[in-house]
Protein chains: 6
Amino acid sequence: MTHKEVSFMPYVTVKMLEGRTEEQKKELVEKVTEAVKETTGAKEEAIVVFIEEMSKNHYAVGGKRLSDQ
Amino acid sequence: MTHKEVSFMPYVTVKMLEGRTEEQKKELVEKVTEAVKETTGAKEEAIVVFIEEMSKNHYAVGGKRLSDQ
Amino acid sequence: MTHKEVSFMPYVTVKMLEGRTEEQKKELVEKVTEAVKETTGAKEEAIVVFIEEMSKNHYAVGGKRLSDQ
Amino acid sequence: MTHKEVSFMPYVTVKMLEGRTEEQKKELVEKVTEAVKETTGAKEEAIVVFIEEMSKNHYAVGGKRLSDQ
Amino acid sequence: MTHKEVSFMPYVTVKMLEGRTEEQKKELVEKVTEAVKETTGAKEEAIVVFIEEMSKNHYAVGGKRLSDQ
Amino acid sequence: MTHKEVSFMPYVTVKMLEGRTEEQKKELVEKVTEAVKETTGAKEEAIVVFIEEMSKNHYAVGGKRLSDQ
């Protein structure tokens, strides 16, 4: 890659509950990458997406874990 | 929000070099939110996007900071 | 939620070694949420807590992983 | 520190909108540290708290940044 | 620890694909800790390293997950 | 980059108190990159380092912010 391309590489992290299918995750990274490319001017090959999954006992809203609801 | 809606809230973080305009950031969060909604089934109002900006002296590829190139 | 409530949603991440019981984690998120509510003025239902667990081979202090001690 | 103390050090990150006063932040880390100590059995001196502040143009719910509302 | 030592504790996170051996991870944290110590002046015992592993279906470059290539 | 090279890209984040000089940061990313390359087998040009700085009022050990000590 040239200097210019290297100089703008967006890193996207999607944190969500486990349970999405592989097909959903595949489409998720495709569509999110497209959205970032269109709006920031980054080259597609420079856009990185990480998926992070949470389990229901490690995620709480309002002091209550999803696993306790 | 009902239980069901609360139970799937994706959190998206976009980390990128500083320099994008407010208009670009506005469109970025709109398009990324749309992409996440379409592919994961999350409700739009439950999708959260954070932008994190880096400066060129705090980001290195191949051992070289962008500010040193 | 109204605009005002949405505008202050603290996100808390607790990163710790695996091994805490479900009861400990349940109380952890309750007490931490209470602490954030009391001190920041955030609405309880707007406070989000994530737990992230580490294993002993992925955590080092002073150059030594806990699994190597 | 002895081995035992080192082996359980929770790291807490509180991510929130800028605007809290120094007094609020001071109390926030005190109360959160106390909550983590009580519920996990960690020694007080081993508990670390980071505060991360966001600006309104870098935080969006439902595809809309707070600065655009 | 004295005040001075506490006041500069670097936290290093290495995020990488799963698959490195325990021996590689052991050396990784040793060498990274040494590098941080030499260049920042931090005390060795104050340097913390976290390893975070990703699977190939949770990591994408250019809109394509490694598991789809 | 070929597929093989893309498939192992470590991302290193160094979180530390503000105050290091540009020269220290420059050496830090060089040495850390070298350490990761030697121990993981990653290509140098695929290693990414981010620096994140904290201020003393946003960092607490034992319930006390550095700015309050």
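Because only heavy atoms are used, hydrogens play no part in the values below, and waters and symmetry mates are left out as well, while side chains stay in. In what follows, chains carry the letters A, B, and so on, assigned in the order in which the sequence lines appear, proteins first and then strands, with residues in each chain numbered from 1.
- The greatest number of non-hydrogen atom pairs below 4.5 Å with chain B, out of I47(F), T13(F), V36(F), is found for I47(F).
- Between K26(F) and E22(F), none of the side-chain N atoms (NZ, or NE/NH1/NH2) sits under 4.0 Å from a carboxylate O, so this pair counts as no salt bridge.
- Within the 4.5 Å cutoff, the side chain of V12(B) has no heavy atoms near those of the F50(B) side chain.
- Between the NZ atom of K25(F) and the CZ atom of R65(B) there is a distance of 7.0 Å, given to the nearest 0.5 Å.
- Between chain B and the options V32(F), V29(F), V14(F), heavy-atom pairs under 4.5 Å are most frequent for V29(F).
- With a 4.5 angstrom heavy-atom cutoff, E34(F) does not touch chain B via any of its atoms.
- Closest approach of K64(B) to D68(B), counting heavy atoms only: CE-O, 3.9 Å.
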